[in-house]
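Since the model is a prediction, treat every value here as computed from it, not as a measurement. One is the number of the first residue; the rest follow in order along the sequence.
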Amino acid sequence: MADARRPAGELWGPVDLARLLRAGAKALTRRSGWRYAGQAEYEQATSWIKGQGGGIALRFVVGSLALLMVPLCIGVLFSDARPRSGAAMAVFVISASGSAVLGTWWLRLRRPRAHHAMAFVAIADLCLLTGCLAQFGIAKVAGTTYLGMLAMLTAFLLGWRVLVVHCVFSLAAIAACTVAAVQIDGVAMGQLYAILAPAATIDFALPMLVQFIVEFGRRGIGTVTVERNRDTLTGLLSRAGLQATLRRLVHRQEHDTAVVAVLDLDGFKAYNDTYGHLAGDKYLAETAQWLRGGVSSALIGRMGGDEFVIVALRLGRTEADVVIGDLRRLVDQGGPIAGSIGLVVRPRISMSDFASAVGQADRALYMAKADRSRRLVVRDLTVQDPGRPD
């Protein structure tokens with residue numbers, strides 16, 4: 001809907017340049033932003049891709065950027081751009097070998113993190129710069145255009161702060177290669193202009209423009225992801241959010257025991273009918289707060305209505321028993337939650353096991369609701385015990 005204060009047909013309105021510059025300066029000088037630069041952006045970007053099953057493809061694409069330099073360097077050796085001295089040839093070979101090692105290292109990483117990605121970009125930058133300086137003539141400057149590929153990778157995976165550092169390095173690399181081409185190889189500046197302009201555009205201007213679009217897309221996708229993965233009433237995970245978060249967690253968090261519990265509130269429909277839906281919503285929100293405060297390091301989701309699911313990944317049965325004790329205190333006589341819990345303790349869980357684990361916990365819940373003296377029923381699959389009252 002258009003702003004009523006703006007004339008008809010004016011969609012964007014005037015740009016407050018001073019305000020925009022102040023906001024940019026504030027972002028550039030915020031120390032906390034630089035201290036954790038790239039971390040949140042990397043986690044967000046990779047979670048989108050992994051959520052679509054593209055984790056292996058992402059690793060292959062990133063590693064291939066470094067390995068691609070090897071055939072390109074071999075081609076240089078058969079062109080007029082090949083290094084002309086023994087020292088330059090040695091530097092060039094070391095640079096190409098470094099790219100090969102870098103790509104192989106990345107492909108062998110089991111779980112690449114943001115600091116791995118930043119190290120990849122930094123080492124690739126240095127390999128490209130030394131490789132360009134070792135070449136002859138205008139190829140010194142032409143080779144810097146490959147820094148633009150790394151810039152696109154940085155923009156998507158690591159965000160604008162890391163990109164700014166990379167682009168400043170790229171401009172310095174272009175300047176260094178230009179000076180070397182003129183002073184060492186005797187290339188005239190007039191010959192270099194046709195390469196300098198595209199290099200600066202590809203390495204600096206284009207990545208900055210792409211980053212502007214990526215940041216707005218990142219914020220928009222982030223908002224949609226939060227809305228999709230969070231229950232708006234309670235702030236807990238939604239069904240889709242619980243599954244997406246668990247999918248990431250089972251691969252990242254070491255565990256040998258999983259606790260899956262289903263909580264159902266007692267008499268919630270009657271409470272809603274008696275006190276109204278607003279009171280019912282407040283009751284659900286309060287239940288969510290008790291669950292968050294009562295069970296530590298667990299995934300908690302609202303599946304709909306008055307049903308909640310709790311998933312905790314633990315090392316050993318002792319830690320699992322702590323979770324059981326926490327849940328028992330919440331629903332025992334005098335506890336803050338008037339509800340029943342069905343719970344299953346099982347060995348290490350995978351996403352293919354999750355639906356069946358919830359089904360087993362749901363059956364234990366029916367047992368708890370059928371016998372009001374049993375507020376919590378545990379099915380212990382680690383010892384093949386079909387069920388015991390708690």
Kindly compute the distance separating [atom1] ([X]) from [atom2] ([Y]), expressed to the nearest 0.5 Å.
X	Y	atom1	atom2	result
Ser79	Ile74	OG	CD1	12.5 Å
Glu307	Asp362	CD	CG	5.5 Å
Thr154	Trp160	OG1	CH2	14.5 Å
Ser340	Leu265	OG	CG	9.0 Å
Leu299	Leu236	CG	CG	11.0 Å
Arg247	Leu242	CZ	CG	10.5 Å

Looking only at heavy atoms, which two atoms of [X] and [Y] are closest? And how far apart?
X	Y	result
Phe136	Arg82	CB-O, 3.6 Å
Val323	Ala312	CG2-CB, 4.0 Å
Ala258	Leu313	CB-CD2, 4.0 Å
Phe92	Cys73	CE2-O, 3.5 Å
Val260	Ala357	CG2-CB, 4.0 Å
Ser85	Ala88	OG-N, 3.1 Å

Short side-chain to backbone donor-acceptor contact, [X] and [Y], under 3.5 Å:
X	Y	value
Ser99	Ser95	yes
Glu43	Gln39	no
Gln191	Ala188	yes
Glu41	Gly38	yes
Asp203	Gly148	yes
Tyr42	Pro112	yes

Could you go step by step and tell me if Arg375 and Asp266 meet the salt bridge (Lys or Arg N to Asp or Glu O under 4.0 Å) rule? CA-CA 10 Å; Arg375 310 294 297 179; Asp266 294 341; 2.9 Å; yes
Within one Ile-Leu-Val-Met-Phe-Trp-Tyr cluster: [X] and [Y], side-chain cutoff 4.5 Å:
X	Y	answer
Leu246	Met303	yes
Val70	Leu102	no
Ile184	Ile174	no
Phe268	Ile337	yes
Met149	Leu107	no

Side chains of Asp353 and Ser356, donor plus acceptor under 3.5 Å: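 Result is no, nothing qualifies.
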Would you say the side chain of [Y] lies within less than 4.5 Å of the side chain of [X], judging by non-hydrogen atoms?
X	Y	answer
Leu109	Arg59	no
Leu327	Leu376	yes
Leu284	Arg302	yes
His255	Arg314	no
Leu67	Thr104	yes
Ile300	Val309	no
Met69	Tyr146	yes
Thr287	Leu263	yes

Evaluate the side chain to side chain contact (heavy atoms under 4.5 Å, CB included) criterion for residues Met208 and Leu163: first the C-alpha distance (whole Å), next the side-chain angles of each, then the deciding distance (0.1 Å), finally the verdict. CA-CA 8 Å; Met208 286 297 184; Leu163 179 66; 4.3 Å; yes
Does the side chain to side chain contact (heavy atoms under 4.5 Å, CB included) test come out yes or no for Asp306 and Lys269, once each step is laid out? CA-CA 9 Å; Asp306 60 335; Lys269 184 178 184 303; over 6 Å; no
Would Gln135 and Val76 count as a side chain to side chain contact (heavy atoms under 4.5 Å, CB included) if you check the C-alpha gap in whole Å, the side-chain angles of each, and the deciding distance to 0.1 Å? CA-CA 8 Å; Gln135 295 179 61; Val76 168; 3.8 Å; yes
Determine the interplanar angle of the Tyr275 and Tyr271 rings, folded into 0 to 90°, and report it as parallel if under 30°, tilted if 30 to 60°, perpendicular if over 60°.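 Tilted: the ring planes of Tyr275 and Tyr271 meet at 30° to 60°.
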Would the number of heavy atoms belonging to other residues, nucleotides or ligands and lying under 6.0 Å from CD1 of Ile138 be above 12?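 Open: at most 12 neighbouring heavy atoms sit under 6.0 Å from CD1 of Ile138.
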State whether the number of non-hydrogen atoms from other residues, nucleotides or ligands found under 6.0 Å of Asp80 atom CG is greater than 12.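 It does not: Asp80 CG has 12 such atoms or fewer within range.
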Do Thr234 and Asp231 pass the side-chain hydrogen bond (donor to acceptor under 3.5 Å, both in side chains) test, and can you show the C-alpha distance, the side-chain angles, and the key distance before you say yes or no? CA-CA 6 Å; Thr234 62; Asp231 175 57; 2.6 Å; yes
Under 3.5 Å, which donor-acceptor pairs do the side chains of residues 120-133 form with other protein atoms, sequence neighbours left out?
from, atom 1, to, atom 2, distance (Å)
Asp125, OD1, His166, ND1, 3.2
Asp125, OD2, His166, ND1, 2.9
Thr130, OG1, Leu126, O, 2.9
Thr130, OG1, Cys127, O, 3.0

Passing candidate, side-chain contact (heavy atoms from CB on, under 4.5 Å) with Cys177, options Leu192, Val141, Ile195, Leu196: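 Answer after filtering Leu192, Val141, Ile195, Leu196: Val141.
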Give the C-alpha distance, both sets of side-chain angles, the deciding distance and a yes or no for side chain to side chain contact (heavy atoms under 4.5 Å, CB included) between Ile324 and Arg317. CA-CA 10 Å; Ile324 296 172; Arg317 180 56 195 260; 3.8 Å; yes
